[in-house]
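What follows is a short report on a single structure.
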Amino acid sequence: MEVARTSTDGLLDLIAQRGWTEALAQRFEDEYGAVIKRIIVLHLWRLGIVSRHLSPDVLRALPSRELELFENTVSDVWIAVLDGLVSRYVHEERLGRINRPFAAYLSGTVKKILITNAQRLGILPRKSEAEMLSGLCSAKKTSTQEKYIALLKFHFEGKVREGILAGCPPAQFPQVYARLSHLSAYFFEKYLVQACRTHRNKYKRISDFIELFMRADYGKGLTYVGRVVPYSDMTATKCSPPRDFSTDEFLSLLVLRRTGT
């Protein structure tokens, strides 16, 4: 018989220790089901897929594929959750590599899945990692460089921060963690611009450059102040939903569009 745990962390620990059971899955659904939907809706706004003030008239004019995108993303997030995401979070947290709530950790996974699904549905255009790096390497104007830096940050900032923490020596972890935003900004805005040109014929992935960065003098980035905001040229102007607008209202209006009501 499973021991009752009242805290959310306790629930995650149980799942990591015992694997998924019907009872644990139901408890997770009760705790995080609505959270997952809210995170997806928030990212729909942040990605500019919904970029105007919501109203029945606006949402009836949206293609029904927005609802398909939402439903596909909910399904795929649950697949990721059941496929070891909880265990990885608990493991990394115990190692001290993660110091944020599970919902914040989950948000990064949701964003990646949402972007992939939106690209498959043709809502967002596809642009490969290699193409983004190549664009940065080839950019001559500062404005063009910053465009690609913003685009790479938009897609890979979370991955870079995780790579920096994973690659730093244990003794330096507290300092690196405390200055993580500075190091991440330095990586994109200074290090990567030069490194991708130097190694353009050898490396085509961000993960390769993270490894090189952590073997280089990354300490230069500890006090660097970034100035390029993560942004994607494939989205509309980013915004946030009205504070008084609920997830249920949002989904109800999307359903109205699908049914033609």
Stepwise side-chain contact (heavy atoms from CB on, under 4.5 Å) check, V110 with L42: CA-CA 10 Å; V110 169; L42 180 60; over 6 Å; no
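- Atom CG of L165 is separated from atom CG of L180 by 4.5 Å, given to the nearest 0.5 angstrom.
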Residues L106, V81; criterion side-chain contact (heavy atoms from CB on, under 4.5 Å); working and verdict: CA-CA 9 Å; L106 186 61; V81 167; 4.1 Å; yes
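- Annotation: the span from D13 atom CG to R18 atom CZ amounts to 11.0 Å, rounded to 0.5 Å.
- With sequence neighbours excluded, the residues that form a salt bridge (Lys or Arg N to Asp or Glu O under 4.0 Å) with E157 are R161.
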Evaluation steps, side-chain contact (heavy atoms from CB on, under 4.5 Å), between H199 and L133: CA-CA 11 Å; H199 304 286; L133 286 170; over 6 Å; no
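- Pairs of residues two or more places apart, or lying in two chains, that qualify as salt bridge (charged side-chain N to carboxylate O under 4.0 Å, His left out) and include a residue from residues 100-111 are R100-E162.
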Quick one: side chains of residues 207-219, donor-acceptor pairs under 3.5 Å with protein atoms, not counting sequence neighbours, listed by atom name and distance.
from	atom 1	to	atom 2	distance (Å)
Y218	OH	Q172	OE1	2.3

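- Taking every heavy atom of both residues into account, A80 and I113 meet most closely at CB-CD1, 4.2 Å.
- Between H43 and I40, the closest side-chain pair of non-hydrogen atoms is not below 4.5 Å.
- Across all non-hydrogen atoms, the minimal contact from L114 to L44 is CD2-N, 3.8 Å.
- Qualifying side-chain contact (heavy atoms from CB on, under 4.5 Å) partners for E131, counting only residues two or more places apart in sequence or in other chains: K127, S128.
- A 4.5 Å side-chain heavy-atom check between F102 and E93 finds every atom pair outside the cut-off.
- Once rounded to the nearest 0.5 Å, the distance linking CZ of F70 with OG1 of T73 reads 8.5 Å.
- Between G226 and A185 the shortest heavy-atom distance is CA-CB, 3.6 Å.
- Around NZ of K159, the count of heavy atoms belonging to other residues, nucleotides or ligands within 6.0 Å exceeds 12.
- Without hydrogens or angle criteria, E146 side chain to V228 main chain gives no donor-acceptor distance under 3.5 Å.
- When all heavy atoms are compared, the tightest approach of T144 to A139 is CG2-CB, 3.7 Å.
- A donor-acceptor pair under 3.5 Å is absent between the side-chain atoms of S134 and the main chain of A130, judged by distance alone.
- Sorted pairs that involve residues 168-182 and meet salt bridge (charged side-chain N to carboxylate O under 4.0 Å, His left out), not counting sequence neighbours, are lacking altogether.
- The minimum heavy-atom distance linking V35 with A103 is given by the pair CG1-CB, 4.2 Å.
- The shortest side-chain heavy-atom distance between V41 and R38 does not fall under the 4.5 Å cut-off.
- The salt bridge (charged side-chain N to carboxylate O under 4.0 Å, His left out) analysis of residues 182-192, with sequence neighbours excluded, yields the pairs K153-E189.
- Atom CG of residue N117 and atom CD of residue E71 lie 11.5 Å apart, to the nearest 0.5 angstrom.
- T116 places none of its side-chain heavy atoms less than 4.5 Å from the side chain of D76.
- Placement of I79 and Y32 in two distinct hydrophobic clusters is found when ILVMFWY residues are connected by side-chain heavy-atom separations under 4.5 Å, directly or transitively.
- Within the 4.5 Å cutoff, the side chain of F187 has no heavy atoms near those of the L183 side chain.
- Transitive grouping of hydrophobic side chains (ILVMFWY, heavy atoms separated by less than 4.5 Å) keeps Y89 and L95 in distinct clusters.
- Once rounded to the nearest 0.5 Å, the distance linking CD of E129 with CD1 of I206 reads 5.5 Å.
- In this structure, OG1 on T21 lies 8.5 Å from CG on L14, to the nearest 0.5 angstrom.
- The two residues V160 and S184 have their closest heavy-atom pair at CG1-OG, 4.3 Å.
- No donor-acceptor pair closer than 3.5 Å links the side chain of H182 to the backbone N or O of G221.
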L12 vs F28, side-chain contact (heavy atoms from CB on, under 4.5 Å): CA-CA, chis, key distance, verdict: CA-CA 8 Å; L12 300 178; F28 187 91; 4.1 Å; yes
